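Here the structure is laid out as structure tokens; the discussion comes afterwards.
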Amino acid sequence: MATGAPSAQRQAVPVRHRPNIAEMTAPQVAELRTALAKMLNTRDDRGYHHWAGIHGLPLPMYCDQAHGRPAFLPWHRAYLYRFEQALRDTGHDVMLPWWDWTRDREVPPAYAEEARPNGSPNPLHSVRIDELALRQGREGRGDERSLMLAERPDTYREPNLPGTHLPTASEIKRVIGYSDFQRFTFNLDDFHGNVHIWVGGHMTDIPYAAYDPLFWAHHTMIDRIWRIWQLKHPQSSFPAHLHDQVMEPFHLTAGRVLDPTELGYDYSLSLAQVRP
Ligand SMILES: [Cu+2]
């Protein structure tokens, strides 16, 4: 079964490239922040809280199907895709940026700065968590850590604490070398978890992680690594049982998200990265 290598005969949608956050210009970052601020002020199913809540709290927690499971990559790809559509629905021409933590070994300044140049709060820095999600966390509907984190209504980070580890370029290179999809998935899932722990604060807790705007840049990096892997291993098979599995609540099968270009996005890659 195809792994998502580009096919010449299907080019239904225009393809836009997701940017590296480190390469975005100040006006591009400003645009992203404006779009996110609008999404934060939207209190229906196009809003930030709706999308952040799908990952964990408020209940139900959909990501149960997506961590430590073979669906880890397609589930999160569908999730990013729908989130990006909602972000673009604000009327701003922005794409989800990725944070290459193998190169940029700190929280990107666009996310770390507390205020925008005009002095207003930077929505990439911190987000006020959904009321119901906080209440459910306090009631023990999340996990142990949620009980403590629910007392902090605004997402925070505490990066690089002793004992935490940010995956290195050579570690990720090794993982990309695994030709078996499931072996690749489970190893990448582990390294992805290391980044959550390294960032600290709400990112360490599945029920609240997606409220931190850095979550999206991290997972876009994970999605990009999968894309590199797909191009490097065009012959690798995708598990048949996963192919028709619906990634809930996105109404997309795993098979439907294999080729990013059919979803209207891609990543710019160097030849060295994708040469099989
Ligand atoms: Cu994650």
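As the structure is a computational prediction, the values presented were derived from the model and not from experiment. One-based numbering, in listed order, for ligands and for the atoms of each.
A donor and an acceptor atom, one from each side chain of D223 and T220, are nowhere located under 3.5 Å apart.
Minimum-distance N/O/S atom of H219 relative to the Cu ion (ligand 1): NE2.
Classification of the W99-H218 ring pair by plane angle, with boundaries at 30° and 60°, yields perpendicular.
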Evaluate the side-chain hydrogen bond (donor to acceptor under 3.5 Å, both in side chains) criterion for residues H219 and H192: first the C-alpha distance (whole Å), next the side-chain angles of each, then the deciding distance (0.1 Å), finally the verdict. CA-CA 8 Å; H219 267 277; H192 132 272; 3.1 Å; yes
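In this structure a side-chain-to-backbone donor-acceptor pair under 3.5 Å is present from H125 to A112.
When distances to the Cu ion (ligand 1) are checked against a cut-off of 2.8 Å, H192 contributes an N, O or S atom below that limit. Among the atoms of H218, no N, O or S atom is found under 2.8 Å from the Cu ion (ligand 1).
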